[in-house]
2 protein chains.
Amino acid sequence: MTSLNKITDFRRPVAINLANRTAASACDDCGARRHGLCDALSDDEVGFLFRAAQRQTLPAGTVFIEEGEPAAYFYNVNSGNVRLFKSLPDGRRQITGFAGPGHFLGLAATEKNVFSAETMEPVRLCRFSRAAMLSMFAEYPILERKLLDVAMHELVISQQQMLLLGRKTAIERIASFLLSWAERQDVCASGALPKPHSSLTLPLSRTDLADYLGLTIETVSRSLSNLKREGLIEIPNIHEVVLLRPQALSDIAEAAV
Amino acid sequence: MTSLNKITDFRRPVAINLANRTAASACDDCGARRHGLCDALSDDEVGFLFRAAQRQTLPAGTVFIEEGEPAAYFYNVNSGNVRLFKSLPDGRRQITGFAGPGHFLGLAATEKNVFSAETMEPVRLCRFSRAAMLSMFAEYPILERKLLDVAMHELVISQQQMLLLGRKTAIERIASFLLSWAERQDVCASGALPKPHSSLTLPLSRTDLADYLGLTIETVSRSLSNLKREGLIEIPNIHEVVLLRPQALSDIAEAAV
DNA sequence: CGTGACATTGACTAGTATCAACCAAAGTGG
DNA sequence: CCACTTTGGTTGATACTAGTCAATGTCACG
């Protein structure tokens, strides 16, 4: 079914040497194989990507895209989480989003990067040069279609976030975040509320949360404490939150009247 | 300017096709013919679009896309300006952007509209059904690529706006807005500041401005007054602002240290 | 067991929202 | 043509949310 022989006949580009693995099997082990761009592709198509990509493994806290620098590469996250952000000269920071396995980075890139990206934990990713992207588009137009889908989805998220940042109160922002994060984690049915007592893991620090929601860490902490005091959530530990009354959270998040 | 410039170059020699003369000449008069999607197309291609489109003329204040309603159509603005926004049940509103001639609407659409659109003045637009869009994509894949560019540019804008809404003070938001609006108006070289005394027209009410910048009309008014008092701007009348010291405005907008 | 990083809580402040008065321009109708 | 109303904008007084500054708490780690 797949033309593995042909694929492995070709010489691989530099990057990390994956020794005696074939492209397809290497990608099979990848956290992104069934997500995002790669999910749109067949095994031999993904093999093409594999050969076009340079694979990288980065330690936590690495800034691998820097706002203002020439935008040389596109990235696809294989494992680990990444924060995307913009900064002001005086240090104020706004996190514009998070990217996990399968997420494609570089959509909002012009000649210069317009945002920065930093690993939140050890991260593996595939890196593509501009030229590689070109040839991939030429070879597999479906990628373009897929990227358009991704971009449109990003736009939807962005607009939600603009509403949150521009018009919601602190407690509403926290409630909104908890619900959206639960959805992201559960991949539950669209629109459905997470079931009560569903526990979610926050790989984010309070600082990240604050910079994502346009608040300070103190306000984030206080808001979470309020929700706890009101019995809407439980906080077993710093990186875990249990949603006790998702409906009540939703009422707060959407400012139900 | 737009993101994938190097990848997507749509300029083509203009070829007059007699078969589509009607369409081509009709579109020639259109404010959008040399912008956005239509700019990517030759005359006969645009003729195809012309036949696929339903043309509408709407009075000021018409909400023609409503958040939550089934997303049946895509739109291309021909003349006039449109505001895009999201609302909370209690009436709070966040304007997520404005669309003028040549702007394509519907990028952030899933099955349901995720935002609303309202005409700010009399508006003419081309309306496409979902089916029409699909057939257009099939016929002219270049459209998809162009849409990707548009979407990517929108993403860049969105991220800037998130930084503004999440982290900037009132006065910084106003300064940022004035500069970006001047750029939009002048279509000046990227990064260049508008020259002093360049006058800009704001077709927006203070309410629109407030809902776009995540402020109240009072704060907008006060911030403008402050800038006037400090001699950075002049306000000949409600809908006109003269930038006296763009550099000073820029220092405020970007929080220069 | 001490140290440092991160989180929570408290006291106070600042910036923006709210409420209200006032103003100017643009209708509207006698 | 001129009062009267309406609409949108500005300005002032006050309230309140979230920010700032500071002390305390918690946990992981050497």
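Bear in mind the structure is a predicted one, so any value in this text is a computation, not a measurement. Order of the sequence lines sets the chain letters (A, B, ...), proteins ahead of strands, with each chain counted from 1.
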Peer 1: Answer yes if the ring centres of A/Trp181 and A/Phe98 are under 6.0 angstrom apart, and no otherwise.
Peer 2: yes
Peer 1: Listed in order of residue number, which residues of residues 159-179 of chain B have a non-hydrogen atom at under 4.0 Å from DNA chain C?
Peer 2: B/Thr169, B/Ala170
Peer 1: Taking the side chain as every heavy atom from C-beta outward, state whether A/Arg83 and A/Asp211 have any atom pair closer than 4.5 Å.
Peer 2: no
Peer 1: Start with the C-alpha distance between B/Ile252 and B/Leu232, add both sets of side-chain angles, then the distance that settles side chain to side chain contact (heavy atoms under 4.5 Å, CB included), and finish with yes or no.
Peer 2: CA-CA 11 Å; B/Ile252 293 175; B/Leu232 305 202; 3.7 Å; yes
Peer 1: Please work out which residues in residues 210-229 of chain B have a non-hydrogen atom less than 4.0 Å from an atom of DNA chain D and list them by number.
Peer 2: B/Glu218, B/Ser221, B/Arg222, B/Ser225
Peer 1: If we ignore angles and hydrogens, is there a donor and acceptor under 3.5 Å between the side chains of A/Glu121 and A/Asn81?
Peer 2: yes
Peer 1: Under the criterion side-chain contact (heavy atoms from CB on, under 4.5 Å), which of A/Gln56, A/Arg55, A/Gln54 is the partner of A/Cys126?
Peer 2: A/Arg55
Peer 1: In whole angstrom, what separates B/Ile238's CD1 from C/dA25's C1'?
Peer 2: 9 Å
Peer 1: Side-chain donor-acceptor pair under 3.5 Å between A/Ser87 and A/Glu67, yes or no?
Peer 2: no
Peer 1: Taking DNA chain D as the partner, which of residues 202-209 of chain B come within under 4.0 angstrom of it by heavy atom?
Peer 2: B/Ser205, B/Arg206
Peer 1: If you define the side chain from C-beta out and look only at heavy atoms, does anything of B/Arg206 sit under 4.5 Å from B/Leu224?
Peer 2: yes
Peer 1: Which pairs count as side-chain hydrogen bond (donor to acceptor under 3.5 Å, both in side chains) when at least one residue sits in residues 150-164 of chain A, sequence neighbours excluded?
Peer 2: none
Peer 1: Taking 5' to 3' order, which nucleotide of DNA chain D is first and which is last to have an atom within less than 4.0 Å of a heavy atom in chain B?
Peer 2: D/dG9 to D/dA13
Peer 1: For the residue pair A/Phe104 and A/Phe74, categorise the inter-ring angle as parallel (less than 30°), tilted (30 to 60°) or perpendicular (more than 60°).
Peer 2: parallel
Peer 1: Could you check whether any side-chain N or O of B/Lys86 sits under 3.5 Å from a backbone N or O of B/Val114, counting only pairs where one atom can act as donor and the other as acceptor?
Peer 2: yes
Peer 1: State, with a plain yes or no, whether a side-chain heavy atom of A/Leu105 is found less than 4.5 Å away from one of A/Phe64.
Peer 2: yes
Peer 1: Using whole Å, report how far CZ of B/Arg93 lies from P of C/dA17.
Peer 2: 15 Å
Peer 1: Going by heavy atoms in the side chains, are A/Leu227 and A/Leu249 under 4.5 Å from each other?
Peer 2: yes
Peer 1: Tell me the closest heavy-atom pair linking B/Leu243 and B/Pro194, and the distance in Å.
Peer 2: CD1-CG, 3.8 Å
Peer 1: Pull out every residue in residues 250-257 of chain B that has a heavy atom closer than 4.0 Å to any atom of DNA chain C, ordered by number, or say none.
Peer 2: none
Peer 1: For residues A/Gln247 and A/Asp251, is any side-chain donor paired with an opposing acceptor at under 3.5 Å?
Peer 2: yes
Peer 1: Kindly indicate whether the side chain of A/Val220, heavy atoms from C-beta on, has any atom under 4.5 Å from the side chain of A/Phe177.
Peer 2: no
